[in-house]
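No hydrogens, no waters, no symmetry mates; every other heavy atom, side chains included, goes into these values.
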Amino acid sequence: MGTVERPSLESLIMDFAMALTRRATCKRFQVGCVITSQDMTQIYGFGYNGTAKGRSHEECRVDQPGGCGCVHSEINALIKVRANDPKKVVFVTAQPCITCAKAIVNSGVSKVYYRSAYRSDEGLDILKDAGIELERV
């Protein structure tokens, strides 16, 4: 019997976040987010970006970058977290914007993994200033 190659937990959770992008209803950019325990054995919440619950998907104004009116994946995921864990870990498929970065700081997160770059690094700067560890995967 040979050795079984196993993907890292970070890789598996980011794959889950990537799969969540398929549920996103934003017409401009599809983002997924997963929030876990520090040891990555518990998923506390997940989300994807889109219009507010019960609202028409047509409310997404694709022609207004940053102002399309959709709720971001990080906010949707944070809303669902019921655990008061100051060491939460966030996996997001795109680096957080300023507003999401502030929400992540206020929610008590120890680390953020992100996949793709955003048009501005201001969100990352907020996370760094708060002492939150960052890793692009």
Side-chain angles (χ1 to χ4, degrees):
M1 290 268 196
T3 304
V4 175
E5 294 254 347
R6 296 183 346 152
S8 68
L9 288 174
E10 293 88 348
S11 175
L12 287 174
I13 297 167
M14 187 57 81
D15 286 350
F16 179 33
M18 291 300 295
L20 289 169
T21 66
R22 298 190 332 241
R23 293 275 308 160
T25 60
C26 180
K27 297 173 187 171
R28 190 180 66 79
F29 193 41
Q30 293 74 45
V31 181
C33 180
V34 179
I35 301 174
T36 72
S37 58
Q38 186 175 26
D39 65 1
M40 298 175 228
T41 62
Q42 297 178 54
I43 293 177
Y44 293 149
F46 60 86
Y48 42 87
N49 59 331
T51 53
K53 185 177 180 179
R55 306 292 297 185
S56 167
H57 300 313
E58 298 308 310
E59 288 184 17
C60 175
R61 294 177 298 281
V62 70
D63 59 334
Q64 298 178 20
C68 73
C70 288
V71 179
H72 290 193
S73 67
E74 300 94 321
I75 302 300
N76 276 327
L78 287 167
I79 288 167
K80 296 172 185 147
V81 174
R82 298 195 193 286
N84 187 14
D85 179 354
K87 298 289 186 179
K88 291 184 284 293
V89 176
V90 169
F91 291 82
V92 62
T93 60
Q95 74 186 55
C97 70
I98 295 170
T99 301
C100 289
K102 291 176 184 176
I104 289 168
V105 169
N106 283 357
S107 72
V109 167
S110 61
K111 186 167 186 172
V112 173
Y113 291 91
Y114 66 97
R115 171 78 38 99
S116 64
Y118 186 62
R119 66 179 176 266
S120 164
D121 285 338
E122 291 174 295
L124 292 182
D125 293 339
I126 289 169
L127 295 171
K128 286 178 200 170
D129 289 346
I132 295 173
E133 190 178 347
L134 299 170
E135 186 172 336
R136 186 171 181 185
V137 293

To the nearest 0.5 Å, what is the distance between OH on Tyr113 and CE on Met14? 9.0 Å
Which atom of Cys26 lies closest to which atom of Cys68, heavy atoms considered: SG-SG, 3.8 Å
Tell me, which pairs form a salt bridge (charged side-chain N to carboxylate O under 4.0 Å, His left out) where one or both residues lie in residues 40-58, sequence neighbours left out? Lys27-Glu58, Arg55-Glu59
Using every non-hydrogen atom in the two residues, find where Thr93 and Gln30 come nearest and quote the distance to one decimal. OG1-O, 4.2 Å
For Lys87, enumerate each residue passing the side chain to side chain donor-acceptor pair (under 3.5 Å) test, keeping only those at least two apart in sequence or located in another chain. none
Where is the tightest heavy-atom contact between Ser56 and Thr51, given as atom of each residue plus distance? O-CG2, 3.4 Å
Atom pairs and distances, side-chain donor-acceptor, residues 121-137, under 3.5 Å, sequence neighbours left out:
from	atom 1	to	atom 2	distance (Å)
Asp121	OD1	Gln95	NE2	2.9
Glu122	OE1	Ser120	OG	3.0
Glu133	OE2	Lys111	NZ	3.2
Glu135	OE1	Lys111	NZ	2.9
Arg136	NE	Arg115	O	2.9

Do you know which two heavy atoms are closest between Asp85 and Gln38, and how far apart they sit? OD2-N, 4.3 Å
Could you state whether Val34 and Val112 fall into the same hydrophobic cluster, counting links through intermediate Ile, Leu, Val, Met, Phe, Trp or Tyr residues with side-chain heavy atoms under 4.5 angstrom apart? no
Does the side chain of Ile43 come within less than 4.5 Å of Phe16's, by heavy atoms? yes
Give me each pair satisfying salt bridge (charged side-chain N to carboxylate O under 4.0 Å, His left out) with a member in residues 31-49, each pair once, sequence neighbours excluded. none
Could you list the donor-acceptor pairs under 3.5 angstrom formed between side-chain atoms of residues 76-84 and any protein atom two or more places apart in sequence or on another chain?
from	atom 1	to	atom 2	distance (Å)
Asn76	ND2	Tyr48	O	2.8
Lys80	NZ	Phe46	O	2.9

Taking all atoms of both residues into account, what is the closest heavy-atom pair of Cys33 and Val90, and its distance? SG-CG1, 3.8 Å
List in chain and number order the residues that pass side-chain contact (heavy atoms from CB on, under 4.5 Å) with Ala19, two or more places apart in sequence or in another chain; answer none if no residue qualifies. Arg22
Is Glu74 close to Ile104 at the side-chain level, that is, under 4.5 Å between some pair of heavy atoms? yes
Cluster overlap Leu20 with Met40, hydrophobic side-chain contacts below 4.5 Å: yes
In one Ile/Leu/Val/Met/Phe/Trp/Tyr side-chain cluster, 4.5 Å: Leu12, Met18: no
In this structure, would Val92 and Ile35 fall into the same cluster of hydrophobic residues linked by side-chain contacts under 4.5 Å? yes
So CZ of Phe29 and OG of Ser116: to nearest 0.5 Å the spacing works out to 4.0 Å
What do the steps show when you test Cys60 against Thr25 for side chain to side chain contact (heavy atoms under 4.5 Å, CB included), and what is the final call? CA-CA 8 Å; Cys60 175; Thr25 60; over 6 Å; no
Closest non-hydrogen atom pair between Val89 and Ser37, with its separation: CG2-O, 3.9 Å
Are Ile98 and Val109 connected in the hydrophobic side-chain network, where two residues link if heavy atoms are under 4.5 Å apart? yes
Separation between CG of Asn49 and OG1 of Thr21, rounded to the nearest 0.5 Å: 9.0 Å
